[in-house]
4 protein chains.
Amino acid sequence: MRPGSRPHGQRKHTFIEEARRAQIVSAAIDTIAEVGFANASLSRIAQRAGVSKGVISYHFSGKDELMDQVVEQVYSAIAEFVLPRIAEAPDECAALRAHVLAVADYMRGHREQLMALAGIFNGTRTSEGTSSRHRLMVAEPVYQEIEKRLRAGQERGVLRDFDVRVMAVTLQASIDGMFAYWVTHPDHDLEAHAAELAEIIERSARADPPA
Amino acid sequence: MRPGSRPHGQRKHTFIEEARRAQIVSAAIDTIAEVGFANASLSRIAQRAGVSKGVISYHFSGKDELMDQVVEQVYSAIAEFVLPRIAEAPDECAALRAHVLAVADYMRGHREQLMALAGIFNGTRTSEGTSSRHRLMVAEPVYQEIEKRLRAGQERGVLRDFDVRVMAVTLQASIDGMFAYWVTHPDHDLEAHAAELAEIIERSARADPPA
Amino acid sequence: MRPGSRPHGQRKHTFIEEARRAQIVSAAIDTIAEVGFANASLSRIAQRAGVSKGVISYHFSGKDELMDQVVEQVYSAIAEFVLPRIAEAPDECAALRAHVLAVADYMRGHREQLMALAGIFNGTRTSEGTSSRHRLMVAEPVYQEIEKRLRAGQERGVLRDFDVRVMAVTLQASIDGMFAYWVTHPDHDLEAHAAELAEIIERSARADPPA
Amino acid sequence: MRPGSRPHGQRKHTFIEEARRAQIVSAAIDTIAEVGFANASLSRIAQRAGVSKGVISYHFSGKDELMDQVVEQVYSAIAEFVLPRIAEAPDECAALRAHVLAVADYMRGHREQLMALAGIFNGTRTSEGTSSRHRLMVAEPVYQEIEKRLRAGQERGVLRDFDVRVMAVTLQASIDGMFAYWVTHPDHDLEAHAAELAEIIERSARADPPA
DNA sequence: TATGAATGAGAGTTCATTCAT
DNA sequence: TATGAATGAACTCTCATTCAT
């Protein structure tokens, strides 16, 4: 709508434009993490960003686009951190362990970011009523990589013959659960939890030893 | 502050009173399932129930109490269905399988109910910003039973020496994940998923065979 | 309206009917005194009376009539107490003193009643915007008596030649002020205040001594 | 809780901002004067101001702040008008007269303003049920000045040895009563009333002539 | 670009009143 | 007579969005 007048669409953004957007996205993350998605009004976000409310409307087509940007940015950061760790793994079993441990590592350093992510997914409902997402802490490219590894592991005989989709969903859900538990129990030993979870996953996925 | 002569407290409720409450709770469940917790206003709920907005205020002290009732009712129903199935299991390993399969069975028949439950938990934020809950589909008494079984299984040597808390959290998260995946993929074979998940859980928890 | 079906108009009331009305009026007084007129909903009044909300609507045509009854009852009680005390006064000057002291006496024993009265007058606005009343603690018959006495005193030369209306208004306002001050300063010595006020009134009203 | 980026706190207000606030305060005064405090909803006030309801919430933190502003503004205006008139008085007796006459003068020109003031004080109840105020038409600084004058007059022997507090309360109440009578009897001669009242006050307060 | 101002819809809640039983 | 249930309007307040400057 109203072409040219607003930088919302697929336009090329200027540098200063991008800086403002990043600043606002960052303020949104902090705000959601602190007061929850439901209470993260544009007013509050603008206030935290130190800009006026109108600025947000100027740079984003609406609250929805802002939230989309938050999600995108957080997912990019996760993938950038986690993917290399998976890549280093010598085999598929190790890759699963690496995934769990890497995400836990990332959690420790980005609690707020991830709380915002969770807040958005939990608070945003599609018109059909429920979040269109069934996973939180796992970015799309990471998910793809995991599925690929699971299949490769099965082909190489390292992993047993489970349903790949179910295993992937379970893995992600377990990671999300770890995060949720940690958020509600801040003194919980995240590292130990990750180690235990890695063991659980490995045992559930690895091929039976030859008789 | 405390409202007038409304039947909110621990009063004895008449039959017709209880009927209305049940009707409203039911309308709330349907509404949340359809439009999500965030959009489930009292107006909409009342509209769906076919009553005026004031009726809800008359029968419940506020939106919070209504949501509490929804949660309570759904959890009661889950526990009533799942606990006996667990109880029938011959040993701890079977109990874990039974749990997974029972919950999946319940899901199939109560999709909307559980979507509402998820909606409430996801949409309700504490003042600190995130849901105080880290699990959804597992009612408190069921959780207690599972922890007890895990410990008993370890003592009897049927289950290996994992961290009980982590295993319980993972189990619940996996079940929640199964539900979330099914909700976003309605054609997904829930029964098959449950069977796969049960296998995953059992493999991750059972004791190693003697060498 | 709806003649015969409701006992609101000038019908003859049965004994039990009157008892209920008195009970409700009494509950209204207590409620207003405690929570203020603005917060004295019919719900709360009914609750305090131990009856259902509908009973009030049955016995009174509406909230307005109930409030009218409260005022009427309180005023009757005041007049019944104060008029004899004025009547005993030997002369007009003494009558003014007697009035002030009698009302103060009554106040001490009927704080709540009078707070309710004040609450109603202050809280009820006519459609023209302001209370139609300019005095509170002085019932109509008492007012008439005072005006009569003031005039008589002037005719007999005991009181000086002031404007009777202004003096009466000032007298009433001073009494209302005494009550208001006492209500906001419960430890205030009401008896001493009344004595001082009587002196003030007498000095302002009595005839100058002959030169 | 605290709202977004609204200009409520101790911010520097722009000129246009102040203009709007003044406009809304003015509309509030008119509305309260016309329909009474109890019926002066934000809707009505906004309607009279010719703005939307939200504007009030934008410029004031809530209804309470708006009412506070009304009171503050009216009291400031009263004090600004009355205090100089008292200051001009040659002695304490004249100061009392000046006070009464000045307030009456002010009333004549600001009927609506003062009706709004009365409406707010009468309509606003503390949790204990009654207005925390026992006087209306007398602003705090004026009250202080009066008490000071009364004491000074006693020390100089111009005024007799009454209880200062009681005299001050009575004076204020008499003024409030004059206003209330005038409001309910618009044709009443306010100037004559004030003159009579001044005489009443002076006679009640001045020292006895030496024998 | 950025802002403060304004809007209007919608939220939850309270309440006087009505009515079938 | 008395009740509990229901109504619908009105309340204050919040918020995403729009727009003139």
Side-chain angles (χ1 to χ4, degrees), chain A residues 2 5-7 14 16-17 20 38-46 51-64 66, chain B residues 1 3-7 11 13-14 16-17 19-20 38-46 50-64 66, chain C residues 2 5-7 14 16-17 20 38-46 51-64 66, chain D residues 1 3-7 11 13-14 16-17 19-20 38-46 50-64 66:
Chain A
R2 224 179 304 94
S5 78
R6 285 292 232 289
T14 69
I16 181 168
E17 156 88 6
R20 261 277 185 271
N39 299 322
S41 68
L42 290 187
S43 262
R44 255 201 260 247
I45 293 170
V51 300
S52 89
K53 239 183 335 180
V55 175
I56 296 180
S57 297
Y58 181 78
H59 288 285
F60 300 88
S61 67
K63 200 182 190 184
D64 287 352
L66 172 56
Chain B
M1 291 294 166
S5 60
R6 257 71 150 288
R11 261 182 73 274
H13 298 307
T14 67
I16 179 166
E17 155 89 4
R20 261 280 184 268
N39 300 322
S41 68
L42 291 187
S43 272
R44 250 199 263 246
I45 293 169
V51 299
S52 90
K53 222 177 10 168
V55 175
I56 297 181
S57 295
Y58 179 77
H59 289 284
F60 300 87
S61 68
K63 198 182 191 186
D64 286 354
L66 172 56
Chain C
R2 225 178 307 91
S5 80
R6 285 290 234 289
T14 67
I16 181 167
E17 156 88 7
R20 261 277 186 268
N39 299 323
S41 67
L42 289 188
S43 261
R44 256 200 259 246
I45 293 170
V51 301
S52 90
K53 239 183 334 181
V55 174
I56 298 181
S57 297
Y58 181 79
H59 289 285
F60 300 88
S61 69
K63 199 182 189 182
D64 287 351
L66 172 56
Chain D
M1 292 295 167
S5 59
R6 256 70 151 290
R11 261 184 74 275
H13 297 307
T14 68
I16 179 166
E17 155 89 6
R20 261 279 184 272
N39 300 321
S41 68
L42 291 187
S43 272
R44 252 200 261 247
I45 294 170
V51 299
S52 90
K53 226 178 3 172
V55 176
I56 297 180
S57 295
Y58 179 78
H59 289 285
F60 299 89
S61 68
K63 198 182 191 185
D64 286 352
L66 173 56

* To do: Check the distance between E/dA2's C1' and A/I56's CD1 and give it to me in whole angstrom.
  => 12 Å
* **Nucleotide nearest B/H59 (side chain, heavy atoms from C-beta), chosen from F/dT17, E/dT1, F/dA6** => F/dA6
* Would you indicate, yes or no, if E/dA5 has its OP1 or OP2 atom less than 4.0 angstrom from a side-chain nitrogen or oxygen of D/R20? => no
* How close or far is atom P of E/dT18 from atom CZ of C/F60, stated in whole angstroms? -> 15 Å
* Asked: Among F/dT1, E/dT17, E/dA2, which nucleotide sits nearest the side chain of C/S57?
  -> E/dT17
* Structure fact -> Shortest non-hydrogen pair, D/N39 vs D/R44, comes out as O-NE, 2.9 Å
* Structure fact -> Judged by nearest nucleotide, the residue sitting upstream toward the 5' end of DNA chain E, D/K53 or D/G50, is D/G50
* To do: Would you please confirm or rule out a distance under 4.0 Å between OP1 or OP2 of F/dA5 and any side-chain N or O of B/Y58?
  => yes
* **Interatomic distance where CG belongs to A/L66 and P belongs to F/dC15 [whole Å]** => 15 Å
* Interatomic distance where CZ belongs to A/R44 and P belongs to F/dT14 [whole Å] -> 10 Å
* Between A/L42 and B/V55, which has a closest nucleotide on DNA chain F that is more 5'? -> B/V55
* **Comparing A/A40 and D/A40 on DNA chain F - which has the more 5′ nearest nucleotide** => D/A40
* Within a strict 4.5 Å, meaning less than it, do heavy atoms of the C/R20 and C/V51 side chains meet? -> yes
* Treating a pair as Watson-Crick (purine N1 to pyrimidine N3 plus N6-O4 or O6-N4) or G-U wobble (N1-O2 and O6-N3) with both distances under 3.5 Å, list the stems of 3 or more consecutive pairs that involve DNA chain F. => E:2-21 with F:2-21
* To do: Report yes if the side chains of B/I45 and B/K53 come closer than 4.5 Å at any heavy-atom pair, otherwise no.
  => no
* Asked: What integer distance in Å separates B/N39:CG from E/dG12:P?
  -> 11 Å
* Asked: F/dA5, E/dA16, F/dC13: which one has an atom nearest the side-chain heavy atoms of B/E17?
  -> F/dA5
* Asked: Which of these nucleotides, E/dA6, E/dA2, F/dT3, is closest to any side-chain atom of C/S52?
  -> F/dT3
* For the student: nearest non-hydrogen atoms of A/I56 and A/L42, plus distance -> CD1-O, 3.8 Å
* Expressed in angstrom and rounded to an integer, what is the separation of A/D64 atom CG from F/dC15 atom P? -> 16 Å
* Listed by chain and number, what are the side chain to side chain contact (heavy atoms under 4.5 Å, CB included) partners of B/S52, not counting sequence neighbours? -> B/V55
* For D/V51 and for B/S43, locate the closest nucleotide of DNA chain E by heavy-atom distance; then report the residue assigned to the nucleotide nearer the 5' terminus. => D/V51
* What's the NZ-P distance between C/K63 and E/dT14, to the nearest Å? -> 15 Å
* Spacing of D/I45 atom CD1 relative to F/dC13 atom C1', expressed in whole Å -> 14 Å
